[in-house]
Amino acid sequence: MSGSDASASSTLKAPPAQFDLPKLEEGILRSWEENDVEGRSLRQGAEAAHGKGDRPSYAFYDGPPFATGLPHYGHILPGSIKDVVPRYKSMCGFAVERRFGWDCHGLPIESLVESDLGVHGQAEIEAYGIDKFNAACRAGVLRFTAQWRQTVGRLGRWVDFDDDYKTMDPSFMETVWWVFRQLWDKGLIYEGHRVQPVSPMLGTPLSNFEVAQGPQEKDPVTRKEGHKRVQDPSVTIRFALEDEEGAYLWAWTTTPWTLPSNLALAVHPDLTYVKVRVVETGEIAYLEPGRLADYQARERVGATEELSRIKGKDLEGRPYVPLFPYFAKYREHEDGSRWAFKVVCAEYVSTESGTGIVHQAPAFGEDDYQVGQREGLPLVRPMGLDGKFDETVPDFAGQFAKDADKAIIAALRDGDKLVDQDTLVHPYPHCYRTDGPLLYMALSTWFMKVEADRDALVANNAQIHWVPEHVGSGRFGNWLGQARDWNLARNRFWGTPLPIWRCDKNPEEMVCVGSIAELEELAGMAPGSLTDLHREFIDPITFPSAKTPGGTMQRVTEVFDCWFESGSMPYAQNHYPFDADRKEYVENNLPADFIAEGLDQTRGWFYTLHVLANALFGRPAFKNVIVNGMVLAEDGKKMSKRLKNYPDPNEVISKYGADALRAYLISSAAVRAEPMRFSEKGVRDTVRMVVLPLWNAYNFLATYASADGWSPQAADLDHRPESPLDRWMLSRVQAFVGQLRAELDDYALSNVVPAFQSVCDDLNNWYIRRGRRRYWRGRDDAAAHDKQDAYATLFSVLTTICHAIAPTIPFFSEWLYQRLMVDTGLAGEGEDSVHLRAFPEVQADRRDEALERDVAAVRQAVALGLAIREREKIGVRRPLAKITIAAPDETVRRAVQTYADEILGELNIKALDVRADDSGLVTLSAKANFKALGKRLGKRMKEVAGAVAKMDAAAIAAFSASGSVELAGETLGAEDILIERQVSGDTAAEAAEGMTVLLDTKVDDALRREGLARELINRIQNLRKTADLDVSQRISLRLRCGGELAAAARDETLAAMIRAETLAESLEVSGDEAGGAHTHADEIDGDNVVVGLDPR
RNA sequence: GGGCGUGUAGCUCAGUUGGUUAGAGCGCUGCCCUGAUAAGGCAGAGGUCGGAGGUUCAAAUCCUCCCACGCCCA
């Protein structure tokens, strides 16, 4: 990328003074653009999809978002996941096709266009013209694609927007037809009814989405959206039993307009009903006794006399006289058996309201419809979508259903069929557009059979690797287990039309068209003349019936549920099977290797992909899926544009950087499908905790390498260094690479960033911290080869980490790669980006687990030593004479002995004493091992535990020696008692698992003076820093001080140390003057000191 | 109403087949260290483990009910 820079030196450049991640990222974006880096990566995938290239393909499906809104965190989170995995797989040698997709059809855009045009509902749209309406949808649907491309690109996501797929493309739509035709041929498609909410004023059925958009008055009781509290009639009607003279069934309804369509009465099979005589009128009635009491309590019914009790199921089948004459023909089948107007059983009948006997109009309620289907009742729907009664109900013909309520009630009263009339205020769904009440009615629609194939769906699901696992086995698995047939059709306009042509003379005769060519042939059109499959082009196409003389085949009016289109995406994005070029690719890459979407897609895209792949190919649609949880606002609420309770994603990226946002998101609970609270502070902290440590490490290397003129090109980077510190760090990095590979191979993204932070911590706070002096030596130093090792090791460690983290933080890793490999001329042909390189392999021969354990022991000893110094208030600058480390484990003892210099240097101590026995340092106490003893002892546990706790030093010693003890009548073995070590409060000691550390806190004159010398060095270094001197600047130094400080500064050895540490070529100590270009006055142990220095 | 999750320190989260001082990181406070670091080290404060019952010698963990939040379905 900077290959054009002819003057590129092979040494590392000094690091930039400022760390500005967003700015750095924008530079990387430009260089990716200039050098076609993203394009080269994407083309590898595209080539594989066309059967070219030599890389094995890794199939990734990108789920299409609706393009009608702007991208938000609900897209950015899965977008990040969808970038990390393909980048990783690309670095692992696969070709990953990554095509962006757009969901173009459906309600979101239709609703927007309805608003824009001010045209609402089926009738208005048809009057306006489907062609014009669809043209407006087409023109508007991609209005935000530029913003999407900008945000997704800025996020660093590599995905092909040029070769994207759109569900409105003719090629996509043709494959949807093909998919449907396959289902048709397999006999999986049937015509049926579904009860749907209808807005009568719009003359249109509404989707659940539209219903929920209704009046925003959230009902305080049901808390249902889209409902509004209205007053409705509440009527109780008597139905005369045919088989019992003078006896009636009392039923209740709030929708009198459905009574003309009554076909049955439902009772709960297990409820008990009473037969009573109303004292006042002598009428005999059946109903549920609790409900009767309620009517009586409200004084709607007078006193009654109970005659008998009967179970609901014993009422089943009893015939009654039709309430109205209109559909009395359904009373009996042709064979004379009872058909309608009888009592049926239904579990859903409740006793919360009404009479316990429910009026059934199968065309006007979901429950009624189900009961009607089960009982074989006819479907009677005496009105169209406009809600007006037709001629089959002559008394009310032309009246709107709700308006007819009054007349119907009056008719019932006149016929003496009304027991009670009241009103009721209750929540009822209303139209989001017209504000009028919705009517539920059974409408004809098209279904795909799913229920029959549940077993196969479940079996195929077992092959899918779900992350997290519980979504697959729980939510998704349960859903499959009770899957219902899929209503595929919508009475809408902007969608892929159902390719069914029906004969106008014989509705039974249908043709399902599976391709454009087939339709052209049927309709006698010139091949290639049909270029668009939307309704305005397809609906007018008719052709003569092949079976019914004089019949004309006309398309049914419905379009597909847009979920059917997105579920067809694996085939449709490749124009399968029509595109010969990609046919094989599609077949070879089913199921896909990987998809990722949000938890809300469980019943959405995940489901439709699965159902269609199962129906078409008998296979699952994907092998691995990461399900992310929902991103909530910081307050735990849903993110809401209206409430503005979250920061704009573009602003967050330009403020903190995309790498920070990505790292933050993919480390969150959301990648385990749990909800996460998005916090801007979290992103900010991620810069500091994830990106900066790596920058700091590079900064260190670059600072010294450029000062030293060290060149990685001249170095032997494969050299096996001798220093244990180097070997440890190299081993540590191999462990990191292995861990990252394991996590990524398992699609467990949430652990990637913590593993990276951990290795950076070891790099910065142990490897560099302990090794920094190795980089200070001059060129001619006798230990020059050690310095070479130090540079080479640090360089190779940074390079490896840079590659391994590249999929996660693509920008900073690219920047680092440019500095380490490209600027220095190490990158070869085609290696100009880290993202075109191979992911690091684990080099097992560089792993040294024993060494890693040793270093862990050393670091523990240091931590304990620092804790003691803290408690004893002895700063680390003050040297101490001796540290004693007691450890029973021999390998630990050998480790601290071997790396004694590290411990002594880090803790500023002169001598180390290692021993096995810590008996002089700690007191021992005994505790029962509950886990081991609990099961065995049961109730005696408490008593024995008490006895163990009381063991004294002698008893513990005896137990340690023999490995067994008798307590409270129980024989306890070595496993049953835990010995705990505790240092006594008055010794300078600390104990931890397997190790006890003691410091000798006695300070003699020599130690004290050395401590003072180090204090002086500290003041001088601080002054150098405030004076902003270069780290290699030589100085001359003057100190004004007296007493012990002067004695320390005049001591020959200590003075040499001061000069060496501070790069002082001269050192004067006087009692009065300490002038110079830079001076600083301070106090050490109560004595004044003035430091003066001049650059030389 | 149903299904699936979630609820542990101010924040983000660990917490193994139930096992006895409930942990980490961040933040806060104090001290220390600094010849790379925008850092770092050591410690401290901070918890009715959502609530109530129950099982058990022993419950954050198992059971029941309830509450809150999220997604999906009705």
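Computed from a predicted structure; not experimentally measured. Letters A, B, ... mirror the listed sequences (proteins, then strands); counts begin at 1.
The C1' atoms of B/rA68 and B/rG50 are separated by 8 Å, rounded to the nearest whole Å. Using atom P as the reference point in both B/rA14 and B/rG5, the two lie 15 Å apart (nearest Å). Going from the C1' atom of B/rC26 to that of B/rA39 covers 15 Å, rounded to whole Å. Comparing the C1' positions of B/rG47 and B/rG51 gives an interatomic distance of 16 Å, to the nearest angstrom. Taking atom C1' in both B/rU55 and B/rC65, one finds a spacing of 15 Å when rounded to whole Å. Taking atom C1' in both B/rG10 and B/rG46, one finds a spacing of 8 Å when rounded to whole Å. Between the C1' atoms of B/rC33 and B/rG40, the separation comes to 8 Å (whole Å). B/rU8 and B/rU61: their P atoms are spaced 14 Å apart (whole Å).
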Exercise for the section: Would you sketch RNA chain B in dot-bracket for me? Only Watson-Crick or G-U wobble pairs with both distances under 3.5 Å count, crossing pairs as [ ], other-strand pairs as |, the rest as dots. Expected result: (((((((..((((.....[...)))).(((((.......))))).....(((((..]....)))))))))))).
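Here the P atom of nucleotide B/rU37 and the CZ atom of A/Arg772 are 10 Å apart, to the nearest Å. Put simply, CG on A/Leu632 is 18 Å from P on B/rG5, counting in whole angstrom units. When rounded to the nearest whole Å, the span between CG of A/Asn699 and P of B/rU34 equals 20 Å. The distance from atom CG of A/Leu599 to atom P of B/rU6 is 11 Å, rounded to the nearest whole Å. Between A/Leu480 atom CG and B/rC73 atom C1' the separation is 14 Å, expressed in whole Å.
Residue A/Ile909 holds its CD1 atom at 6.5 Å from CG of A/Leu904, rounded to the nearest 0.5 Å. Atom CZ in A/Arg877 sits 11.0 Å away from atom CG in A/Leu1012 (nearest 0.5 Å). Atom OG of A/Ser667 and atom CZ of A/Arg662 lie 11.5 Å apart (nearest 0.5 Å). Between the CD atom in A/Gln482 and the CZ atom in A/Arg484 there is a gap of 10.0 Å [rounded to 0.5 Å].
Across all strands, A/Arg1024 comes closer than 4.0 Å to no nucleic acid atom at all (heavy-atom distances). Among the heavy atoms of the strands, none lies under 4.0 Å from A/Gln757. Nucleic acid contact class of A/Ile1017 (heavy atoms, under 4.0 Å, all strands): none. Residue-level contact check: A/Leu701 touches neither bases nor backbone, having no heavy atom under 4.0 Å from any strand. Within the nucleic acid shown, A/Arg869 has no heavy atom closer than 4.0 Å to any nucleic acid atom. Using a 4.0 Å heavy-atom distance criterion, A/Asn764 is classed as a base contact.
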Exercise for the section: In sequence, state the C-alpha distance, the side-chain angles, and the governing distance for A/Arg859 and A/Glu902, and then conclude on salt bridge (Lys or Arg N to Asp or Glu O under 4.0 Å). Expected result: CA-CA 9 Å; A/Arg859 295 181 73 174; A/Glu902 308 287 333; over 6 Å; no
Exercise for the section: Kindly determine whether A/Leu820 and A/Leu701 satisfy side-chain contact (heavy atoms from CB on, under 4.5 Å), including the steps that lead there. Expected result: CA-CA 10 Å; A/Leu820 294 172; A/Leu701 172 66; 4.1 Å; yes
Exercise for the section: Test side-chain contact (heavy atoms from CB on, under 4.5 Å) on A/Ile1017 and A/Gln1021 and set out the steps. Expected result: CA-CA 6 Å; A/Ile1017 290 169; A/Gln1021 300 291 25; 3.9 Å; yes
Handout entry: Stepwise side-chain contact (heavy atoms from CB on, under 4.5 Å) check, A/Asn764 with A/Phe700
Key = CA-CA 9 Å; A/Asn764 284 319; A/Phe700 176 86; over 6 Å; no
N/O to N/O distances under 3.5 Å, protein versus nucleotides 21-24 of chain B:
unit_1, atom_1, unit_2, atom_2, d
B/rU21, OP1, A/Lys927, NZ, 3.0

Using nucleotides 56-58 of chain B, report all nitrogen or oxygen pairs with the protein that are shorter than 3.5 Å.
unit_1, atom_1, unit_2, atom_2, d
B/rC57, N1, A/Gly938, O, 3.2
B/rC57, N4, A/Gly934, O, 3.4

Show me the protein contacts with nucleotides 41-45 of chain B, counting only N or O atoms at under 3.5 Å.
unit_1, atom_1, unit_2, atom_2, d
B/rC42, O2, A/Glu870, OE1, 3.4

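For A/Lys927, the salt bridge (charged side-chain N to carboxylate O under 4.0 Å, His left out) partners at least two apart in sequence or on another chain are A/Glu980. Evaluation of the side-chain hydrogen bond (donor to acceptor under 3.5 Å, both in side chains) rule for A/Tyr767 yields A/Asp726 as partners, not counting sequence neighbours. Partners of A/Glu906 by salt bridge (charged side-chain N to carboxylate O under 4.0 Å, His left out), not counting sequence neighbours, listed by chain and number: A/Arg769, A/Arg770. The side-chain hydrogen bond (donor to acceptor under 3.5 Å, both in side chains) test applied to A/Arg194 returns no partner, not counting sequence neighbours. In terms of the side-chain hydrogen bond (donor to acceptor under 3.5 Å, both in side chains) criterion, A/Arg869 has no residue partners (sequence neighbours excluded). Not a single side-chain hydrogen bond (donor to acceptor under 3.5 Å, both in side chains) links A/Glu975 to another residue, sequence neighbours left out. Listed by chain and number, the residues in a salt bridge (charged side-chain N to carboxylate O under 4.0 Å, His left out) with A/Asp561 are A/Arg490 (sequence neighbours excluded).
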Completion exercise
A correct 5'-to-3' footprint of nucleotides 9-14 of chain B, with B, S and - meaning base, sugar-phosphate only and no protein heavy atom under 4.0 Å, is ---SSS
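Using cut-offs of 30° and 60° for the angle between ring planes, the A/Phe476 and A/Phe606 rings count as perpendicular.
Contact check, A/Arg684 against B/rG27: no side-chain N or O comes under 4.0 Å of OP1 or OP2. Residue A/Arg877 places at least one side-chain N or O under 4.0 Å from the OP1 or OP2 atom of B/rC33.
You'll find a donor-acceptor pair under 3.5 Å spanning the side chain of A/Lys931 and the base of B/rU17, going by distance alone.
Each of A/Asn929 and A/Leu763 was matched to the nucleotide of RNA chain B holding its nearest heavy atom; the match closer to the 5' end belongs to A/Asn929. If you find the closest nucleotide of RNA chain B to A/Thr602 and to A/Leu1063, the one lying nearer the 5' end belongs to A/Leu1063.
When the nucleotides B/rG35, B/rA38, B/rC71 are ranked by their closest atom to the side chain of A/Gln1021, B/rG35 comes out on top. The listed nucleotides are B/rA38, B/rA36, B/rC4; the one nearest the side chain of A/Leu692 is B/rA38.
In terms of modelled atom types and a separation under 3.5 Å, the side chain of A/Tyr607 and the main chain of A/Ala483 share no donor-acceptor contact.
Using a 4.0 Å cut-off between charged nitrogen and carboxylate oxygen, A/Glu1015 and A/Arg878 count as a salt-bridge pair.
For the side chain to side chain donor-acceptor pair (under 3.5 Å) criterion with A/Tyr656, the lone passing option out of A/Arg684, A/Arg688, A/Glu680 is A/Glu680.
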